[in-house]
Amino acid sequence: MKFNVNDLVRKNIQSLKPYSSARHEFEGEASVFLDANENAFGSTLHENFNRYPDPLQWQLKFQLAKIKGVPAENIFIGNGSDEVIDLAYRIFCNPAKDNVIICPPTYGMYEVSGNINDVEIRKVNLTENFQLNVEGIMQACDANTKLLFICSPNNPTGNNLNRADIEWLLNNFNGMVIIDEAYINYSAQKSFIAELTEYNNLIVMQTLSKAWGLAALRLGLCFASLDIINLFNKVKPPYNINQASQQLGFEALQQTLQVNEWIRVTVEEREKLSEQLQGFLFVEKIYKSDSNFILIKVKDANKLYHYLCTQAVVVRKRNTEPLCEECIRITVGTPEENSRLIELLKKYKD
Ligand SMILES: *Cc1c(COP(=O)(O)O)cnc(C)c1O
C-alpha cells in the first residue's frame, strides 16, 4: 500500500480524546466497586446485570480469536454489522466532503448509513454476471474517496465476487476496502481474514447473525490491523455490546458442531432448492448462490410475492434493485419449510 492509513482518518477523530469509563480506568483486582454509580444490591434478573459490561468484550474476543485464527487484538465487535458500517463512516468520512463507493445491487445499509452521515455515495454497478467493475470503480474515485464496500458473497445476488478483482483493488484503491463476509460460512471462498497482515487498508466484516443463528443478539464482527481496531475502539459508544449479548454470544461460540451441521444442511438444501426451482415455467433464471439464499428471476415478481404472502410465506422482493428486474430473494429454510415453498409454487398460477 502506497499510503498511510492515518492520512485517511478525519482530523477530529485523529485528535479525539475518547470517553474513559469507570470500567475502563480500573484494571486491577477489587471486591468493592464504588466507582460507577451502579446498584450495589444487584439485579433482579442475573447476578452481574447490575454491573457495566466489559467495554472491550475480551472473553468473547478470545473465543472468536480461537475460532477465526486471528489475535483477539485484531477484532472489533459492533452492535451488529450495522454499527461497524456506521463507525467506518464516522472514522474516515468527512460529512458533505468525502465520498464512498458501493457496487449495486448490494446490501442496503452501506447507502443508508452514508446518507445518515451525509457522505456522498458513488455507485458502480456490478457487471451483468454480478462481478466487480474494477475499471469503473477506479474511474469513480477522486481524492476524497475514502471507502469501498465489497460484499462477498454478495447480498442480494448470492454469489462470490472474484478474488483476483478484490486483491487487485486492495493493491490499487487509495482508501479503505471493507469486505463484508456476512455469508462466508456458506461459501467455498476463503475468508480475507487470512490477508490482514498483507494489507493495511483492509477491513473484513463478519457477523454472528447468519450462520451462528444469533441475529437477535446483534453481534457484528470486524477484523483489521491494530491501528484500525484502535480507531473503532476510540469512536464506539463505551458499552456498545451489552452483557447479555456478551455472555450468550460466548456460550453460543462453544457450539461449533451444531453450527457446522446447520451450514452443511443449508448448503445441501440450497442446491436442492435451486434444482427444484428449475422445474417451474415462471422461473426464468436461478442465480448461482454461495450463501444461504437464492436469487431468482421470475415472470412477475410482485404477483409471486403476493401469492406467497396469501399463503403465509414471506420472501424478499428485490425487483427495484439494479440488474434485479423481476427478482425475488428466497432464504433457504429448514427442509420442511423448503418443501412447503415448493408445494405452494406447484399450485401457483402465473
Ligand atoms: C445480514 C447481513 C449483515 C448482518 O448485519 P448484522 O447487523 O450483523 O445483523 C451484514 N451484511 C450483509 C451483506 C448482510 O446481508
Side-chain angles (χ1 to χ4, degrees), residues 57 60-61 64 67-68 75-90 100-114 116 121 123 126 130 132 147-161 166 176-187 189 191-193 202-224 232 236-237 240-242 244-246 248-249 252-253 259 262-263 266 270 287 289-295 314-318 321-324 327-333:
Q57 313 98 26
L60 194 51
K61 283 180 186 170
L64 280 167
I67 293 168
K68 301 292 177 184
I75 305 174
F76 172 82
I77 305 176
N79 187 3
S81 305
D82 297 343
E83 184 178 37
V84 178
I85 295 166
D86 179 65
L87 287 172
Y89 275 105
R90 287 158 65 188
V100 309
I101 293 179
I102 69 169
C103 306
T106 194
Y107 187 46
M109 272 313 285
Y110 312 143
E111 182 169 7
V112 172
S113 197
I116 291 169
I121 308 288
K123 298 180 181 178
L126 295 176
F130 295 152
L132 292 166
L147 311 175
L148 166 61
F149 285 97
I150 294 176
C151 188
S152 180
N154 186 42
N155 178 3
T157 60
N159 61 300
N160 289 326
L161 302 187
I166 301 177
M176 302 302 300
V177 178
I178 302 181
I179 306 180
D180 186 344
E181 296 185 337
Y183 300 98
I184 193 72
N185 302 89
Y186 304 104
S187 165
Q189 177 81 264
S191 168
F192 270 90
I193 287 183
L202 170 61
I203 295 175
V204 179
M205 293 200 310
Q206 292 186 4
T207 180
L208 300 189
S209 295
K210 307 284 155 69
W212 287 90
L214 299 175
L217 297 192
R218 314 305 303 126
L219 292 167
L221 314 178
C222 165
F223 305 86
F232 276 84
K236 80 181 182 79
N240 61 326
I241 307 297
N242 69 68
S245 291
Q246 289 193 38
L248 294 170
L253 288 175
V259 171
W262 283 333
I263 294 167
T266 302
R270 175 185 80 202
Y287 295 94
S289 172
D290 303 289
S291 51
N292 68 339
F293 56 85
I294 302 169
L295 188 75
V314 56
V315 294
R316 193 96 152 105
K317 272 192 290 183
R318 293 286 80 182
E321 297 292 309
L323 308 174
C324 293
C327 280
I328 281 195
R329 192 192 70 192
I330 303 171
T331 305
V332 178

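Values in this document were obtained by computation on a predicted structure and should not be read as measured data. Note that ligands are numbered from 1 as they come in the structure, with each ligand's atoms numbered from 1 the same way.
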What are the atoms of ligand 1, with element, lying closer than 4.0 Å to any heavy atom of [X]?
X	result
A182	2 (C), 3 (C), 10 (C), 11 (N), 12 (C), 14 (C)
G80	7 (O), 8 (O)
S81	4 (C), 5 (O), 6 (P), 7 (O), 8 (O), 10 (C)

To the nearest 0.5 Å, what is the distance between CG (L208) and CG (L217)?
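Output value for this atom pair is 8.0 Å.
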
| query | When rounded to the nearest 0.5 angstrom, what is the spacing between CD1 in I203 and CE in M176? | reply |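 Output value for this atom pair is 4.0 Å.
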
In the protein, which heavy atom is nearest to [atom], and how far is it?
atom	answer
atom 1 (C) of ligand 1	K210 NZ, 1.2 Å
atom 15 (O) of ligand 1	Y183 OH, 2.6 Å
atom 9 (O) of ligand 1	S209 OG, 2.7 Å

_Could you check whether Y183 and N160, counting side-chain N and O atoms only, form a donor-acceptor pair closer than 3.5 Å?_
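No donor-acceptor contact under 3.5 Å links the two side chains.
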
Review point. Side chains of T266 and N292: do they bring a donor and an acceptor to under 3.5 Å?
Key: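 There is no such pair between these side chains.
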
Backbone N/O of T331 and side chain of R316: donor-acceptor pair under 3.5 Å
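Not a single qualifying donor-acceptor pair exists.
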
request  = Taking D180 for its side chain and S152 for its backbone only, find out whether a donor-acceptor pair lies under 3.5 Å.
outcome  =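 No, the answer is negative, given that no donor and acceptor are paired below the 3.5 Å cut-off.
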
- Query: Is there a heavy atom of R218 sitting under 4.0 angstrom from any atom of ligand 1?
  - Reply: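 Contact present.
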
Closer than 4.0 angstrom: is that true for some heavy atom of A215 and an atom of ligand 1?
->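 Judged by the 4.0 Å heavy-atom criterion, A215 does not count as contacting ligand 1.
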
From L221, N292, D180, N155 - option closest to atom 12 (C) of ligand 1 by heavy atom: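 Among L221, N292, D180, N155, the closest heavy atom to atom 12 (C) of ligand 1 comes from D180.
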
